[in-house]
2 protein chains.
Amino acid sequence: MTDINSGFNPLFLREEDIRQGIELLYFAYRDFTAEPDAILSEYGFGRAHHRVIYFVGRNPGINVSELLAILKITKQSLSRVLGQLVRESFIEQREGTRDRRQRLLELTKKGVELERRLSESQRQRFADAYRDAGAESVQGFRDVLTNMISKEDRDRVLGPRKIG
Amino acid sequence: MTDINSGFNPLFLREEDIRQGIELLYFAYRDFTAEPDAILSEYGFGRAHHRVIYFVGRNPGINVSELLAILKITKQSLSRVLGQLVRESFIEQREGTRDRRQRLLELTKKGVELERRLSESQRQRFADAYRDAGAESVQGFRDVLTNMISKEDRDRVLGPRKIG
DNA sequence: AATTTATGTCAGTCATATTGACATATATGC
DNA sequence: GCATATATGTCAATATGACTGACATAAATT
């Protein structure tokens, strides 16, 4: 096995490809979240708050059930985080019109500002990667990641959602 | 702003690209870790154990400091997880030869088996995504993710490491 | 009127991370 | 050889974000 990189052993190469893919995903995800995490800590928030702010911003008027379905966490877990965001006026709730039991969520002006600030750092990182890798690479990036996502979640990323 | 998808507003489209990238990364990472997480819970382990097993497997003979540098966690955090893995014979330690203070880590047979089992589920997911997206896409995937990783970590993923 | 649904809340637990302080053994520089 | 730096370990306290289980309320549905 001295010919590791010469293509004699495709099975080994495949294994190496996988390992590289795993590491790329691990490090990219970690670095991608590092800066938002730092911003959030200024507010005493964590990554969970970011996710709530993100998906409420992305789906204005979303109700609690649908938010839980996207995040795949329990209502007890969401409760504390969402409660904080509402109390500190990053998110506001209104009663559902068709169903008055629902709480429809949306970002306040303050919430929109924080969301912008958080995505800006990610936008920058993405834009840099986009520029350095080129448009074709970006399409490949999308295709591979999309295929890695379970069907259920895939619709969420790709499909034009109508919520609320 | 009725022409959202017609290309009149490149700034908006760029914004949409970013959002899609963010979501792809979020969902892909979550789904990618879901199956290993389930396997780990059989052993009473969590994702932290996976990371330790993974990087020790990838770098046999790694010492504690270098492992800490890769994981970017505190030694107190590592301690509990690594301690468990050592006590339960997934990882063994030997004294450094050049420096007897060092604990050089490697997987036991049992550890290698668990590592295999964990990566197998990820290998499968990656292989499926690879097949569906095609070889060119995989290269794009790699390029974009690589550019998203901070320089420091980039060497870790790409460079041939010699540790121990 | 009975049941289901949307949401909330109380209480306890767990995993993973943190900071700070201190301990020990070994290596290294003067 | 002594002083200092390094590699590692450990005790203690704390925070975040997740979990399960049980119970409560209001509104919608059948």
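- One finds the CD1 atom of A:I70 at 4.5 Å from the CD atom of A:E66 (value rounded to the nearest 0.5 Å).
- Rounded to whole Å, atom P of C:dC14 lies 11 Å from atom CZ of B:R80.
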Working for side chain to side chain contact (heavy atoms under 4.5 Å, CB included), residues B:L145 and B:F141 = CA-CA 6 Å; B:L145 283 186; B:F141 162 83; 3.3 Å; yes
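- Contacts of A:T74 with the nucleic acid, taken as non-hydrogen atoms under 4.0 Å apart, include base atoms.
- Salt-bridge check for B:E42 with B:R117: passed, with a basic side-chain N closer than 4.0 Å to an acidic carboxylate O.
- Using a 4.0 Å heavy-atom distance criterion, B:S65 is classed as a sugar-phosphate-only contact.
- The interatomic distance linking A:D99 (CG) with D:dA26 (P) rounds to 15 Å, in whole Å.
- The 5' end of DNA chain D is approached more closely, in terms of each residue's nearest nucleotide, by A:R51 than by the other of A:R51 and A:T97.
- Closest contact between the side chain of B:Q102 and the listed nucleotides C:dT18, D:dA7, D:dA27 involves D:dA7.
- Taking the six-membered ring for Trp and the full ring otherwise, the centers of B:F32 and A:Y26 sit at least 6.0 Å from each other.
- Checking the phosphate oxygens (OP1, OP2) of D:dG17, a side-chain nitrogen or oxygen of A:H49 falls inside 4.0 Å.
- As a whole-Å value, the separation of A:R98 CZ from C:dT5 P is 17 Å.
- The nearest whole Å value for the distance from the NZ atom in B:K75 to the P atom in C:dG20 is 13 Å.
- Note on B:S77: every side-chain N or O is 4.0 Å or more away from OP1 and OP2 of C:dT16.
- Between C:dA27, D:dA18, C:dA11, one nucleotide has an atom nearer to the side chain of B:R100 than all others, and that is C:dA27.
- The residues B:R19 and A:E115 are annotated as salt-bridged, a charged nitrogen and a carboxylate oxygen being separated by less than 4.0 angstrom.
- Put simply, the side chain of A:Q76 and the base of D:dG21 share a donor and an acceptor less than 3.5 Å apart.
- Going from atom CG of B:L68 over to atom P of D:dT10 covers 14 Å, rounded to whole Å.
- For A:R101 and D:dA27, a side-chain-to-base donor-acceptor distance below 3.5 Å is present, hydrogens and geometry of angles not being considered.
- Whole-Å rounding puts the B:D37 CG to C:dC14 C1' distance at 14 Å.
- Per the geometry, CZ belonging to A:R30 stands 14 Å off C1' belonging to C:dA17, to the nearest Å.
- A:R47 comes within 4.0 angstrom of sugar-phosphate atoms only, judged by non-hydrogen atoms across all strands, and of no base.
- Here the C1' atom of nucleotide D:dA15 and the CD atom of A:Q84 are 11 Å apart, to the nearest Å.
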